[in-house]
Amino acid sequence: MTLTAETNDFSALAASRRSTRAFTDQEIPAEVLDAILADATAAPSWSNTRAFRVALATGERAQRLRERYGRLFDEEIEAHARKAADPDVVVPVPDGDYPVRKRYPDELRPAQIEVAKLLYGIYGVERGDIEGRNRVNRRNVTAFDAPVMGFVFVHEDMLPWSAMDAGLMLQTLFLSAKSRGVDSCPVGILATWRAPVDEEFEVPEGYTFITGFALGYADPDAPINAMRAPRPAIQLLEGK
Ligand SMILES: Cc1cc2nc3c(=O)[nH]c(=O)nc-3n(C[C@H](O)[C@H](O)[C@H](O)COP(=O)(O)O)c2cc1C
């Protein structure tokens, strides 16, 4: 028998994981979170170095982080607005370890534009509506108000392998979460700023902040959770 997404449990699980951008208030029970983290250890790793670290924020700590990130986001937008009237205004430069907002290579831009159109379309935000875009984008920095905010750090001397290991671990974690009814979203935008995580966690020397993520229970009534990003086939190279 050929296994399809309908008959293969793994295919069905993998297909059902979607980046989730609105969550209910429901907390993830500690034992569920522990089981998800235990499953994530099953990911392969370069020389088994596991050169990544994960920080999890819940409750008051997550709330502090949301407020801190929200302030940074707002300060930058306000500075841009003031600069429009006064060119001497200094817009704060984000202190992240990587340039999160860099321009994508031309061949990759159509995919980015397509997913952005889908996202803003669901929120009813028009192309030129900067305020609307800011309102939607701000939801990223609070990790969409998910009960668990995650932060992933990779050893800079083991790049690119440490980043690869972290990605493999994260997808294992997301699939384990999904199998337990817990939804997720990677939130790379959180890595725009570094100071908030340093204020809340002891990050070892040499570890750079690569991405955040959100974990929680999807809000079934939020239209944004009906978003379905395209899943084009893996591009296989032609043989010579
Ligand atoms: C490393 C990484 C960072 C991401 N950062 C964000 C983010 O900051 N905000 C967001 O809404 N989605 C983010 N995403 C989710 C992608 O937009 C999403 O995975 C893609 O559109 C495919 O959709 P799917 O996950 O629902 O299949 C990120 C994904 C990855 C892998």
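As the structure is a computational prediction, the values presented were derived from the model and not from experiment. Atoms within a ligand are numbered from 1 in the order they appear, just like the ligands themselves.
At the shortest separation from atom 11 (O) of ligand 1 among protein heavy atoms lies Arg21 NE, 2.6 Å. With respect to atom 5 (N) of ligand 1, the closest heavy atom belonging to the protein is Gly188 N, 2.8 Å.
Within the listing of ligand 1, atoms 24 (P), 25 (O), 27 (O) sit less than 4.0 angstrom from a heavy atom of Arg17. Atoms of ligand 1 lying under 4.0 Å from any heavy atom of Arg231, numbered from 1 in the order shown and given with element: 24 (P), 27 (O).
No hydrogens or angles considered: a donor-acceptor pair under 3.5 Å links the side chains of Tyr98 and Thr208.
Residues Trp193 and Glu76 share a closest heavy-atom pair of CZ2-OE1, 3.7 Å.
Shown are Thr142, Val141, Asn140; of these, the side chain to side chain contact (heavy atoms under 4.5 Å, CB included) with Phe144 is made only by Asn140.
Ring-plane geometry between Trp161 and Trp46 is classed as parallel, the angle between the planes falling under 30 degrees on a 0 to 90 degree scale with a further cut at 60.
Salt bridge status for Arg180 with Asp183: absent, with no side-chain N to carboxylate O gap under 4.0 Å. Using a 4.0 Å cut-off between charged nitrogen and carboxylate oxygen, Arg194 and Asp95 do not count as a salt-bridge pair.
Seen from the ring of Tyr120, Arg133 counts as a face-on cation partner, given the 6.0 Å and 45° thresholds. Taking the ring centre of Phe151 as origin, the terminal cationic atom of Arg53 falls outside the region bounded by 6.0 Å and 45° from the ring axis.
Within the 4.0 Å heavy-atom criterion, both parts of Ser19, backbone and side chain, lie near ligand 1. No part of Arg228 comes within 4.0 Å of ligand 1, judged by heavy-atom distances. For Met227, no heavy-atom contact with ligand 1 is shorter than 4.0 Å. The side chain of Asn140, and not its backbone, has at least one atom closer than 4.0 Å to an atom of ligand 1 (non-hydrogen atoms only; side chain from C-beta on). Using a 4.0 Å cut-off between heavy atoms, Val115 contacts ligand 1 through its side chain alone, with no backbone atom that close. Residue-level proximity to ligand 1 for Phe213 is absent, since no heavy atom of it falls below 4.0 angstrom.
One option in Ala15, Ala166, Ala143, Pro186 has a heavy atom closer to atom 2 (C) of ligand 1 than any other, and that option is Pro186.
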